[in-house]
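The block underneath contains the structure these notes are about, expressed in structure tokens.
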Amino acid sequence: MNITEGAIGVGYRRAMTDALLDGTEIRPDFVELAPENWIDVGGTWKKRLNQVADKYPILCHGLSLSIGSPDELDYDFIAKLKAFLDEYDVPLYSEHLSYSKCDNAHLYDLLPIPFRQDAVDHIVNRIRIVQDMLARPLVLENVSYYTPVAAEMSEVDFVSAIVKESGCKLLLDVNNVYVNAFNHNYDPKAYIDGLPLDSVAYMHMAGHHKVQPDLIIDTHGAPIIDPVYELFEYATERTKPVPVLLERDFNLPEMAELNGELNRLRDIAASQWVNSSSSSHAS
Amino acid sequence: MLRKSTIEAQSALSTYCRNGIETELEGAKLDRLPHYRRLVYNVVVNALNTAYPITQKYVTEGWEDLQHRFFSSHYCQHPQIWRMPEELIAYVAENEAELIAKYPALIDLLRFEWQEVFLFMMPDLELPKHGDAAPNLGDKVVLEPEMQLLILTYPVHKTHPSKLIDAQPGQYASLAWRERETGKVQFMDISIFYALFLEVISSEELSVQQAGAKAALHLGLSNDESWSSNLQHFVNKLQEKRLIFKSE
């Protein structure tokens with residue numbers, strides 16, 4: 001299924017199902033879901049997902065691929081993933097540039113990869129394998145992180161090297177740029193400028209929570225704050241039109257409030273992209 | 001190929017997230033590592049608490065410690081978090097003799113609660129082709145595939161968790177299934193004879209009567225007339241709930 005460039009979507013939570021099907025209070029252009037939460041699911045939730053998929057294009061954002069893990073890729077899981085992506089005609093599958101499995105144990109959350117050249121080489125090789133198996137490009141997200149681990153290069157160099165050397169696409173998570181810039185004292189705009197922006201295929205926006213004066217946790221549990229909207233505007237000035245997602249995983253507000261965030265994103269995207277051609281926005 | 005030091009750094013962070021024991025980690029801001037442990041562990045604990053709400057009430061002392069030991073020492077294998085809690089059952093059976101001695105119904109309760117989660121979420125299974133008429137004792141039958149049987153030592157399926165500590169061991173059976181129309185999981189307390197009958201009929205191509213005879217023989221039941229009429233009644237009950245069908 002094709003999805004319009006500049007489309008604005010929302011992360012699908014099961015509690016949103018009725019509102020999404022009704023389409024009165026909230027009306028995204030697409031919904032995004034984690035395939036891990038839906039693969040091999042039947043019964044009530046399979047029926048509900050099918051109803052949602054009949055009404056909205058589905059994009060997928062994975063959790064368990066663990067592209068940066070020292071462990072071997074889980075080929076059985078990737079085969080199941082492909083079947084799911086094919087079943088729902090998913091035009092874009094993204095994952096996290098992180099690892100969530102190590103020492104043969106799943107951790108079910110995203111850990112930061114050491115920013116090192118050997119990790120770049122390792123991940124580039126794995127991206128190619130995954131792309132071949134899935135028969136579609138992999139779109140990788142710059143993740144939020146709270147401490148570097150055994151780093152030998154900068155985050156932006158690490159992300160850029162992986163994207164350039166593998167040919168994968170980039171999911172630019174604007175909130176993560178803001179969170180990381182705050183947590184690690186760098187300029188978020190300079191970080192964005194340092195990325196291979198021609199490779200951006202998708203953007204994420206979200207809220208976060210400041211837990212200490214010098215630390216923000218990427219919770220997806222609050223509204224997007226103005227500085228992140230401003231950073232989004234900065235990013236859209238430098239990228240071609242791509243789908244944009246609002247992530248809200250916790251503390252779900254009234255759907256009308258969420259729709260207000262979608263509309264604000266839609267306005268910014270439209271102001272930058274509506275009259276543009278892709279070539280005019282290439283960085 | 002990853003360098004040894006890269007693998008060691010990744011392993012050290014991962015191990016810390018699993019066991020919470022402070023560790024040296026090259027280039028890391030040590031005051032921020034606890035956030036990773038907290039975030040990872042919360043996800044796991046939430047998944048276990050969601051899957052096992054009754055077990056939490058039964059294990060009044062030691063549930064949190066059990067979760068910690070499980071995640072510290074067990075290597076979670078399933079890439080889907082909603083499937084991970086199933087791994088707790090085997091972990092407890094193999095490693096938690098002391099806790100089982102204190103809470104003897106623990107394994108049964110975990111199995112019972114997981115069965116509900118799994119039946120609610122499991123992939124859709126196609127109903128086999130079947131006839132329309134109600135099955136009689138001489139008929140071969142097919143069973144609803146979205147149905148599972150549990151043989152239990154403790155009556156966890158019909159006892160409040162607060163009373164379970166006093167429950168006596170015995171032989172109990174619970175039949176659970178997912179309703180096709182509603183998707184809801186339903187339960188039925190059944191006798192061991194009926195449980196054995198269902199095991200036989202699902203594994204061998206026998207008539208209701210033949211499967212009943214095999215189950216009766218296994219249990220040493222000799223009064224053929226008594227179990228036959230009861231079995232027909234049980235089959236009628238299953239048929240009303242659309243759990244058993246006459247073969248084509």
Side-chain angles (χ1 to χ4, degrees), chain A residues 34-48 62-66 68-71 74 76-77 80-81 99-119 121-122 125 145-152 183-184 211-212 214-215 217-219, chain B residues 1-18 25-44 46-47 71-84 87 119-125 146 178-180 182-185:
Chain A
E36 288 82 355
N37 293 338
W38 297 95
I39 288 171
D40 283 342
V41 168
T44 298
W45 282 112
K46 174 80 172 177
K47 287 178 190 159
R48 301 291 271 164
L63 299 166
S64 299
L65 182 64
S66 199
S69 173
D71 290 11
D74 184 340
D76 291 339
F77 170 69
K80 282 193 170 192
L81 179 61
Y99 70 108
S100 56
K101 186 185 180 199
C102 192
D103 300 327
N104 192 33
H106 281 280
L107 294 140
Y108 308 107
D109 210 341
L110 310 171
L111 303 190
I113 303 163
F115 302 146
R116 293 175 160 200
Q117 186 58 47
D118 60 319
D121 298 340
H122 176 68
N125 184 44
Y145 66 106
Y146 311 118
T147 173
V149 175
E152 295 177 345
N183 288 343
H184 307 295
V211 294
Q212 295 168 200
D214 64 343
L215 184 66
I217 300 288
D218 174 30
T219 56
Chain B
M1 180 184 269
L2 285 175
R3 284 148 54 196
K4 187 165 173 272
S5 62
T6 303
I7 296 171
E8 284 172 351
Q10 292 190 266
S11 178
L13 178 57
S14 163
T15 302
Y16 167 68
C17 288
R18 289 176 56 214
L25 203 47
E26 183 189 340
K29 298 175 181 173
L30 295 183
D31 61 322
R32 292 188 177 178
L33 287 178
H35 291 287
Y36 277 106
R37 161 68 179 172
R38 176 177 59 81
L39 293 167
V40 166
Y41 195 57
N42 280 351
V43 169
V44 170
N46 285 341
F71 192 56
S72 299
S73 59
H74 173 71
Y75 297 85
C76 291
Q77 291 299 295
H78 213 290
Q80 295 174 266
I81 181 88
W82 76 267
R83 297 288 302 270
M84 176 274 288
E87 297 177 30
L119 274 172
F120 184 73
M121 295 288 281
M122 70 185 279
D124 296 333
L125 298 177
E146 294 182 0
R178 184 167 69 190
E179 288 183 338
R180 296 226 166 227
T182 66
K184 289 179 182 169
V185 177

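Within every chain, numbering begins at 1; the chains are lettered A, B, ... in the order of the sequence lines, protein sequences first and strands thereafter. What you see is a predicted model; the values in this text were computed from it and never measured.
For chain B, the option among A:Cys102, A:Ala119, A:Ser100, A:Ala151 with the highest count of heavy-atom pairs below 4.5 Å is A:Cys102. In terms of heavy-atom pairs under 4.5 Å with chain B, the best-connected choice from A:Asp109, A:Asn37, A:Val149, A:Asp40 is A:Asp40. Comparing B:Ala28, B:Ala12, B:Cys76 by how many heavy-atom pairs each has under 4.5 Å with chain A, the most go to B:Cys76. Ranked by heavy-atom pairs under 4.5 Å with chain B, the first of A:Gly42, A:Ala150, A:Ala105, A:Gly68 is A:Gly42. Listed options A:Asp76, A:Asn183, A:Asp71 were ranked by heavy-atom pairs under 4.5 angstrom with chain B; first place goes to A:Asn183.
With a threshold of 4.5 angstrom between heavy atoms, B:Tyr36 approaches chain A through side-chain atoms but not through N, CA, C or O. When heavy atoms are compared at a cutoff of 4.5 Å, B:Phe71 approaches chain A solely by way of its side chain, counted from C-beta outward. B:Leu39 touches chain A through backbone and side chain together, each having a heavy atom under 4.5 Å away. Within the 4.5 angstrom heavy-atom criterion, only side-chain atoms of A:Glu152, from C-beta onward, approach chain B. In this structure, chain A has a heavy atom under 4.5 Å from the backbone of B:Met122, while its side chain stays farther away. Interface remark: B:Arg3 contributes backbone and side-chain atoms alike to the contact with chain A (heavy atom separation under 4.5 Å). For B:Val43, the part sitting under 4.5 Å from any heavy atom of chain A is the side chain, from C-beta outward, and nothing else. In this structure, the portion of A:His122 lying under 4.5 Å from any heavy atom of chain B is its side chain and not its backbone. With a 4.5 Å cut-off on non-hydrogen atoms, A:Phe77 touches chain B through its side chain but not through its backbone. A:Tyr108 touches chain B through backbone and side chain together, each having a heavy atom under 4.5 Å away. Heavy-atom distances place no part of A:Lys101 under 4.5 Å from chain B, backbone and side chain included. Looking at A:Asp218, there are no atoms closer than 4.5 Å to chain B (heavy atoms on both sides), in backbone or side chain. In this structure, chain A has a heavy atom under 4.5 Å from the backbone of B:Thr182, while its side chain stays farther away. Proximity to chain B is absent for every atom of A:Leu63, based on heavy atoms less than 4.5 angstrom apart.
A:Ser66 contributes no side-chain N or O that, together with a main-chain N or O of A:Tyr99, makes up a donor-acceptor pair within less than 3.5 Å. Under a 3.5 Å cut-off, the side chain of B:Glu26 and the backbone N or O of B:Ala9 do not form any donor-acceptor pair. Formation of a donor-acceptor pair under 3.5 Å by the B:Gln77 side chain with backbone atoms of B:Tyr75 is found in this model. When atom types are taken as modelled, the side chain of B:Gln80 and the backbone of A:Glu36 share a donor-acceptor pair closer than 3.5 angstrom.
Atom OG1 of A:Thr147 and atom CG of B:Leu25 lie 7.0 Å apart (nearest 0.5 Å).
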Where do A:Leu111 and B:Val40 land on the side chain to side chain contact (heavy atoms under 4.5 Å, CB included) test, with the steps shown first?
-> CA-CA 9 Å; A:Leu111 303 190; B:Val40 166; 4.1 Å; yes

Would A:Val41 and A:Arg48 satisfy side chain to side chain contact (heavy atoms under 4.5 Å, CB included), going step by step from the backbone distance to the final call?
-> CA-CA 11 Å; A:Val41 168; A:Arg48 301 291 271 164; over 6 Å; no

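Taking the ring-ring contact (aromatic ring centres under 6.0 Å, His included) definition, one finds that A:Phe115 meets it with A:Tyr145, A:Phe158, sequence neighbours left out.
Judged as a side-chain hydrogen bond (donor to acceptor under 3.5 Å, both in side chains), the pairs with a partner in residues 7-18 of chain B (not counting sequence neighbours) are, in order, A:Asp103-B:Ser11, B:Lys4-B:Glu8.
Here B:Arg180 does not pair with B:Asp124 in a salt bridge; the nearest charged N to carboxylate O distance is not below 4.0 Å. With respect to A:Lys80 and A:Asp74, no salt bridge is recorded, no charged nitrogen being found less than 4.0 Å from a carboxylate O.
Counting heavy atoms of neighbouring residues, nucleotides and ligands inside a 6.0 Å radius, atom NZ of B:Lys184 does not exceed 12 of them.
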